[in-house]
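First up is the structure itself, then whatever we jot down about it.
Bear in mind the structure is a predicted one, so any value in this text is a computation, not a measurement. Letters go in sequence order (proteins before strands), and every chain restarts at 1.
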Amino acid sequence: MITAYASHPTTHPSALELFRHMLRFPTTPRPNHFIFPHVLKSCYESRSTGLVHAQIIKSGFEQYPVVQTALVDSYSRVLGGLRCTRMVFDELFERNVVCFITMVSGYARVGDVDNALRLFNEMEERDVPCWNALIAGCTQNGLFNQGIELFRRMVGVAFDREGEGQCKNKPNQVTVVCALSACGHTGMLQLGRWIHGYIYKSGFMLNSFVSNALVDMYGKCGRLGQARKVFEINPEKGLTSWNSMINSLALHRRSDGSIAIFEEMVEHASSVRPDEVTFIGLLNACTHGGLVDQGYYYFEMMIREYGIEPQIEHYGCLIDLLGRAGRFDEAIEVVKGMSMEPDEVVWGSLLNGCKVHGRNDLAEFTAKKLVEFDPHNGGYGIMLANIYGELGKWDEVFEAEKDL
DNA sequence: TGCTGAACCC
């Protein structure tokens, strides 16, 4: 029962509750080494890893490799728990591939790619998930070029030594999903195409993750027809499939196409429901098409029909939309009505609109906000100085440049 | 017991 509850995040509290019950009542069987990894999984959200750790020591299971690896994993998912994670990892008697990956992923999760790489290099044997963990660590932290370099290295190691087809460490679905994401972000269409061919030859196209990653890669590289083709033949279009297609079209200013896909998505209400990401893409489409009223309409729809609380990203889109259309009074009203503090993107969008429409007075106010936000960013200071120049405020130009 | 995708300004 604990195992069942531990398999899904929503039932994790129940798994922990049952575990406590087990401990409280002497008539129930004692926890064994099999149950602890599941219990540790249930600790991810509740930060109770330490308590379970104590229980493991009490029960005498702290030297079981599987339990140890589960401990490393559990600690590595607690915010700020990396020091504990490394301590447990350093005390391991026998370090197998699995605990190395767990530690590598722990580093990657907090953005410490250097240490992840260091550990990866210390490993004597590397399997496919090892490479995947490191490549994913790079792409998840925005190091796309580094991720691609690793992918190339992996492919080199896999194909150069032995004949194709029988070699070890061939990229799998997980690998290509990460690599395709990196291709999209860096615009590496050629490599992306090569990966598509590789997927086809390997015959693992059935996975929805892979299909979505292809849609995203082709979309970001501007091959909307290809993106659409891959999207259409995916028999199990999930939320991300729709979102990726909507986003791809929005990104390349195909507003009508993007909105059409959204409308089609709404028709598939029985299998999929738009989420906050959907509306970011949709609002983005409206912005690029200058469709102010439709933008408003969808913003309202998101709140009323779908009960989605607007995030700062949605406000960013809406303000961008209004700013580009020169509707500054409304844009300022939206900023005032926001339930959170505006961020750099919000002010940046507004400033962009001001520049397009020559509203230097408002631009001055907005640029000041940006400088306040990030005083060490010289770019904002330069923008402010330029605006003062436009306004003929030469003393302020001097002041602004002094601070750069 | 380990590794997977999408998102606001320029």
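- For A:Asp275 and A:Asn243, the side-chain atoms include at least one donor-acceptor pair closer than 3.5 Å.
- Remark: A:Ile312, A:Glu313, A:Gly316, A:Cys317, A:Asp320, A:Arg324 in residues 302-324 of chain A come within less than 4.0 Å of DNA chain B through at least one heavy atom.
- Among B:dT1, B:dC10, B:dC3, the nucleotide with an atom closest to any side-chain atom of A:Asn352 is B:dC10.
- In this structure, the CZ atom of A:Phe89 is 12 Å from the C1' atom of B:dG2, given to the nearest Å.
- Per the geometry, CZ belonging to A:Arg253 stands 13 Å off P belonging to B:dC8, to the nearest Å.
- When A:Phe100, A:Trp131, A:Tyr107 are each tested for a ring pair (Phe, Tyr, Trp, His ring centres under 6.0 Å) with A:Phe120, only one passes: A:Trp131.
- Dashed line: the shortest gap from a side-chain N or O of A:Asn247 to OP1 or OP2 of B:dC8 is not under 4.0 Å.
- The nearest whole Å value for the distance from the CD atom in A:Glu94 to the C1' atom in B:dT1 is 12 Å.
- Of the listed nucleotides (B:dG2, B:dT4, B:dC3), B:dT4 has the atom at the smallest distance from the side chain of A:Val177.
- Side chain of A:Thr102, nearest nucleotide from B:dC3, B:dA7, B:dG2: B:dG2.
- In this structure, a donor-acceptor pair under 3.5 Å is present between the side chains of A:Thr175 and A:Asn172.
- Between B:dA7, B:dC3, B:dC9, one nucleotide has an atom nearer to the side chain of A:Val345 than all others, and that is B:dC9.
- The distance between atom CG of A:Leu350 and atom P of B:dC9, rounded to the nearest whole Å, is 14 Å.
- Contacts of A:Arg24 classified as salt bridge (charged side-chain N to carboxylate O under 4.0 Å, His left out), with partners at least two apart in sequence or in another chain: A:Glu17.
- The CG atom of A:Asn169 sits 19 Å away from the P atom of B:dG2 (whole-angstrom rounding).
- At the heavy-atom level, A:Thr240 lies under 4.0 Å from base atoms of the strands shown.
- No cation-pi contact links A:Arg273 to A:Tyr306, judged by a cut-off of 6.0 Å to the six-membered ring centre and 45° from its axis.
- Residue contacts for A:Arg77: at a heavy-atom cut-off of 4.0 Å it reaches the sugar-phosphate backbone alone, with no base atom in range.
- When heavy atoms are screened at a 4.0 angstrom cut-off, A:Ala136 is found touching the sugar-phosphate backbone but no base atom.
- Of the N and O atoms on the side chains of A:Asn121 and A:Arg118, not one donor lies less than 3.5 Å from an acceptor on the other residue.
- As rounded to whole Å, 15 Å separates atom C1' of B:dA7 from atom CG of A:Leu249.
- Regarding A:His288, its NE2 atom lies at a distance of 6 Å from the P atom of B:dC9, rounded to whole Å.
- Atoms CE (A:Met245) and P (B:dA6) sit 16 Å apart, rounded to a whole Å.
- Side-chain proximity of A:Val174 to the nucleotides B:dC8, B:dC3, B:dA6 is greatest for B:dC3.
- Using bins of under 30°, 30° to 60° and over 60° for the plane-to-plane angle, the ring pair A:Tyr64/A:Phe61 lands in the perpendicular bin.
- Contacts of A:Val97 with the nucleic acid, taken as non-hydrogen atoms under 4.0 Å apart, include base atoms.
- Closest to the side chain of A:Ile280, out of B:dA6, B:dC3, B:dA7, is B:dA7.
- Put simply, the residue from A:Tyr298, A:Phe299, A:Tyr315, A:Phe262 that forms a ring pair (Phe, Tyr, Trp, His ring centres under 6.0 Å) with A:Phe279 is A:Phe262.
- Among the nucleotides B:dA6, B:dT1, B:dT4, the one closest to the side chain of A:Lys41 is B:dT1.
- Note on A:Lys355: nothing from the nucleic acid sits closer than 4.0 angstrom, heavy atoms only.
- In the interface, the side chain of A:Asn96 is not paired with the base of B:dG2 through any donor and acceptor atom under 3.5 Å apart.
- No contact: A:His33 has no heavy atom under 4.0 Å from any strand.
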